[in-house]
Amino acid sequence: MTRTVRNGFLVGLTAGALTATLGLPGVATAEPKHRPVPVCALRPLPLPADMNGRALAVDPTGRFIAGIGYRIDDDDSQPLLLLWAGTPRRPGPGVWGQPRLTVVTIGAPQQVEDINRYGVAVGNAFVDNVYRPWRYRNGRLEWLPVLPTVSNTSALGINSRGDIVGHGAVEQTETSLPLLWPADRPGTLEVIDAPSNASAREILDDGTIIGTAGNSGWVRHPDARTDRLTAPGALWSGISAAQGTWAVGRIGTGSEDGDSTLVRWDLRTGVAAAVNPALVSTQDVNSRGTVLGDRAVDYGDRLVALGGAIPGVQASFGWGIADNGLVVGSINGSRLRPARWINC
């Protein structure tokens, strides 16, 4: 992805916020606002000097952050799991001090996907030529059970109860199965009752499951009712993240691959609304409905850019957003470093 320098990006954000470019029937569009674009304050996360790294996920409270790191001088370049935990800081809950870093060696190429409010992280590692899901909790890494009929299995989301969802690839039929690892039945794995060829992307605290099936987003409510996540006139839809009563992703609006619109769904109604056209991706959403793009936060009535970009030297990239507005991601300068942004 092409990175734009900070000054040019701010100009682009302002122009995007003032330009109405979305005309898909049935998709709500916000009135343009003539407001300046504020900037989040950059706070690099602790990282050893001999490492590169990215922060990829943050729990809803903003206390726990998970990411991936690499030793700069390691020819093997095996990814390391990076976990930051904020220390409690007075005067009240939800206010965290400087995060403390824990580095975990998994011994295989791996990726972290999500982390919950208790610091339990989930992800996947490439072991013996297949992807295997893992969970890290209480200082230990555990392999999650898999189905014998599935060739590759991935864990993608975890809620505060510890329920985990993901998917498994079935080579014989070239399809995908949505999977659930229930917290109240340790060591078990279930296939979720969902549309065919589905993947589960997120599981919310009330048990709502969100994912993609074939060419359409879908949601399974706690009462087992399943609905599509789409929009009038949309040719396809895909989900990138969900939290609270919100999901974000993209809908196809034309025959060309590039004919698409970024949207946010209200899971209570199923209605999709276009996000600010200045965003080029929907990286995450929090329970308040605030949408994170790769370089800006969309509050609906205003955009807030991720600060820290230096023209020709350093670029910012956001991956996850907490309910308090804390954003985590990376800055790419002389080396790739994990970062957080506050005061968004």
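Residue numbers run from 1 in the order of the sequence given. Values below: all heavy atoms of this structure, side chains included; hydrogens, waters and symmetry mates excluded.
Between Trp246 and Ser287 there is no side-chain heavy-atom pair separated by less than 4.5 Å. Asn116 places none of its side-chain heavy atoms less than 4.5 Å from the side chain of Arg137. In this structure the side chain of Ser240 never reaches within 4.5 angstrom of the side chain of Arg201, judged on heavy atoms. The shortest distance between side-chain heavy atoms of Arg335 and Ile72 falls below 4.5 Å. Counting only heavy atoms from C-beta outward, the side chains of Val112 and Trp134 approach each other to under 4.5 Å. Side-chain contact between Phe64 and Val58: absent, with no pair of heavy atoms (C-beta onward) separated by less than 4.5 Å. Looking at heavy atoms from C-beta onward, Asn52 lies out of side-chain contact with Arg337 at the 4.5 angstrom threshold. Side chains of Asp284 and Asn286 form no contact here, defined as non-hydrogen atoms less than 4.5 Å apart.
The main-chain N or O of Pro46 is found under 3.5 Å from a side-chain atom of Trp84 such that the two form a donor-acceptor pair. Formation of a donor-acceptor pair under 3.5 Å by the Gln110 side chain with backbone atoms of Pro79 is found in this model. In this structure a side-chain-to-backbone donor-acceptor pair under 3.5 Å is present from Trp341 to Gly307. Of the possible donor and acceptor atoms, none in the side chain of Asn152 sits under 3.5 Å from a partner among the backbone N and O of Val130. Side-chain N or O atoms of Gln283 include one that pairs as donor or acceptor with a backbone N or O of Gly318 at under 3.5 Å. Looking at Ser151, its side chain does come within 3.5 Å of a backbone N or O of Ala169 through a donor-acceptor pair. Under the 3.5 Å distance criterion, the side-chain polar atoms of Thr212 are matched with a main-chain donor or acceptor of Ile239. Of the possible polar contacts, one joining the Ser237 side chain to the Gly217 backbone as a donor-acceptor pair under 3.5 Å is found. Judged by distance alone, the side chain of Asn332 and the main-chain N or O of Gln314 form no donor-acceptor pair under 3.5 Å. Listed for the Asp163 side chain is a donor-acceptor partner under 3.5 Å among the backbone atoms of Ala183.
Under a hydrophobic-cluster definition in which Ile, Leu, Val, Met, Phe, Trp and Tyr are linked whenever side-chain heavy atoms come within less than 4.5 Å, directly or via other members, Met51 and Leu336 are assigned to different clusters. Linking ILVMFWY residues whenever their side-chain heavy atoms come closer than 4.5 Å, directly or via other members, leaves Leu189 and Ile203 in distinct clusters. Note on Val170 and Ile192: separate hydrophobic clusters, where clusters join Ile, Leu, Val, Met, Phe, Trp and Tyr whose side-chain heavy atoms are under 4.5 Å apart, directly or indirectly. Criterion: ILVMFWY side-chain heavy atoms under 4.5 Å apart, direct or through other members. Under it, Val150 and Trp143 are not part of a common hydrophobic cluster. One hydrophobic cluster, built from ILVMFWY side chains closer than 4.5 Å, holds both Leu229 and Leu204.
No side-chain donor-acceptor contact under 3.5 Å links Asn197 and Ser176. Defined by atom type and a distance below 3.5 Å, a donor-acceptor pair is missing between the side-chain atoms of Asp259 and Thr253. Side-chain contact, Arg295 with Ser316: no donor N or O sits under 3.5 Å from an acceptor N or O. Side-chain contact of Arg228 with Ser216: a donor-acceptor pair under 3.5 Å is present, judged by distance alone.
The only member of Ile65, Leu101, Ile68 that meets side-chain contact (heavy atoms from CB on, under 4.5 Å) when paired with Leu82 is Leu101. Of the candidates Ile158, Leu156, Leu56, Glu113 forms a side-chain contact (heavy atoms from CB on, under 4.5 Å) with just one, namely Leu156.
When every heavy atom of Pro133 is checked against every heavy atom of Trp181, the shortest pair comes out as CG-CZ2, 3.9 Å. Closest approach of Thr188 to Pro145, counting heavy atoms only: O-CG, 4.0 Å. In terms of heavy-atom proximity, Ser330 sits nearest to Gly53 at CB-O, 4.3 Å. Between Ser260 and Arg250 the shortest heavy-atom distance is OG-NH1, 2.9 Å. Residues Leu47 and Pro338 share a closest heavy-atom pair of CD2-CD, 3.5 Å. Taking every heavy atom of both residues into account, Val297 and Cys40 meet most closely at CG2-SG, 4.5 Å.
For the atom pair SG of Cys344 and CG of Asn324, the computed distance is 9.5 Å after rounding to the nearest 0.5 Å. Residue Ile321 holds its CD1 atom at 10.0 Å from CG of Asp298, rounded to the nearest 0.5 Å. With rounding to the nearest 0.5 Å, the separation of CG in Leu180 from NE2 in His167 is 14.5 Å. To the nearest 0.5 angstrom, Leu179 atom CG is 8.5 Å from Ser199 atom OG. Atom CG in Asp59 sits 3.5 Å away from atom OG1 in Thr61 (nearest 0.5 Å).
Ring centroids of Trp319 and Phe317 are separated by less than 6.0 Å, placing the two rings close together.
Atom OH of Tyr131 is surrounded by 12 or fewer heavy atoms from other residues, nucleotides or ligands within 6.0 Å. The number of heavy-atom neighbours closer than 6.0 Å to OH of Tyr299, taken from other residues, nucleotides and ligands shown, is above 12.
Remark: Arg71 engages Asp50 in a salt bridge, criterion side-chain N to carboxylate O under 4.0 Å. Checked for salt-bridge contact, Arg264 and Asp266 miss the test: no charged N lies under 4.0 Å from a carboxylate O.
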